[in-house]
Amino acid sequence: MIADAATGVALALRGEGDPYALSGILRQEDALAPAAVRVLGADALAPYAMEQRAAPAGAEDAAVVRQALATYPPGADASEVSVWTYRGLAEAARAFLPGDGQPWPPAPAAGTGWVGTDPWPRLSHRVSQLAALALPQVAPGLAEQLAARTDDLARGFVRAVRRRDWPQAAGLGRWLARFPEVPQTLGLDSGLAFVRQMGGADPRVALHVAAAQRFHGRGW
């Protein structure tokens with residue numbers, strides 16, 4: 001189910017397939033839909049962040065997201081990644097879904113101390129897990145702090161490509177596409193194109209590369 005939903009998002013970002021509707025891919029009555037939305041995070045709503053939308057979001061989409069937020073909030077011992085992905089979904093819902101008169105659950109506070117203290121290998125791993133937050137209007141404060149470590153994340157991108165870790169490479173490449181100053185020597189566009197060619201059979205890889213191209217014009 002998660003793979004199918006990720007494929008639907010990637011197709012929508014590339015302008016392919018039928019008009020995207022989250023509630024058409026993950027229906028509220030499906031018992032696994034909340035978990036799938038929670039795993040996809042903000043990316044479940046990525047097509048609604050496009051300037052030219054094939055179809056607007058509807059009330060059914062909001063219901064699916066509300067169900068996911070209510071069913072899978074981060075617990076007291078949740079990891080930073082879990083808290084941030086929940087927060088990203090909540091931020092995306094506020095930004096991209098129509099208001100229906102009901103308040104959204106408050107986005108939990110999410111720490112950023114790790115951005116400045118993690119060594120680059122650990123930082124790269126964690127940031128790749130948060131690739132869904134590399135959307136317009138989502139996590140701007142985190143993006144600004146991560147941009148200060150562009151060189152470290154570029155180093156992680158190169159290592160991931162060399163290791164053929166396509167999910168990590170795609171997630172890091174997507175973040176790097178969002179940053180204003182990426183080293184020209186990195187060859188990000190050709191690197192993302194290579195990641196798409198080699199790892200694009202993985203729906204999450206295809207989604208991250210499609211998002212980098214759609215929102216930031218990177219990756220050919």
Using the rule that Ile, Leu, Val, Met, Phe, Trp and Tyr join whenever any side-chain heavy atoms are under 4.5 Å apart, tell me whether [X] and [Y] fall into a single cluster.
{"X": "Val115", "Y": "Val182", "value": "yes"}
{"X": "Leu11", "Y": "Leu135", "value": "no"}
{"X": "Leu123", "Y": "Val158", "value": "yes"}
{"X": "Leu186", "Y": "Leu172", "value": "yes"}

Would you list the pairs meeting side chain to side chain donor-acceptor pair (under 3.5 Å) in which at least one residue belongs to residues 29-38, sequence neighbours left out?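 Listed by first then second residue: Arg38-Ser82, Arg38-Thr85.
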Got a sec, which pairs hit side chain to side chain donor-acceptor pair (under 3.5 Å) with one end in residues 168-183, sequence neighbours left out?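 Residue pairs passing side chain to side chain donor-acceptor pair (under 3.5 Å), neighbours aside: Asp43-Arg174, Arg174-His208.
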Compare every heavy atom of [Y] with every heavy atom of [X], then report the nearest pair and how far apart it is.
{"X": "Tyr20", "Y": "Ala44", "value": "OH-O, 2.7 Å"}
{"X": "Gly171", "Y": "Ala131", "value": "CA-CB, 3.6 Å"}
{"X": "Ala193", "Y": "Gly219", "value": "CB-O, 3.9 Å"}
{"X": "Ile2", "Y": "Arg204", "value": "CG2-NH1, 4.4 Å"}

Could you check whether atom NE2 of His216 has more than 12 heavy atoms from other residues, nucleotides or ligands sitting under 6.0 Å from it? yes
With salt bridge (charged side-chain N to carboxylate O under 4.0 Å, His left out) as the rule and sequence neighbours excluded, what pairs involving residues 113-137 come up?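 Listed by first then second residue: Asp118-Arg122, Asp118-Arg126.
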Tell me every residue that passes side chain to side chain donor-acceptor pair (under 3.5 Å) with Arg196, counting only those two or more places apart in sequence or in another chain.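 Counting only residues at least two positions away or on another chain, Arg196 forms no side chain to side chain donor-acceptor pair (under 3.5 Å).
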Please identify each residue that fulfils ring-ring contact (aromatic ring centres under 6.0 Å, His included) with Phe215, with sequence neighbours left out.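 Not a single residue meets the ring-ring contact (aromatic ring centres under 6.0 Å, His included) criterion with Phe215.
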Test of understanding: with ring-ring contact (aromatic ring centres under 6.0 Å, His included), list the residues that count as partners of Phe194, not counting sequence neighbours. Trp166
Is the shortest side-chain heavy-atom distance between Val209 and Trp220 below 4.5 Å?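 Not touching, per the 4.5 Å side-chain cut-off.
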Is any side-chain heavy atom of Thr150 closer than 4.5 Å to a side-chain heavy atom of Pro183? yes
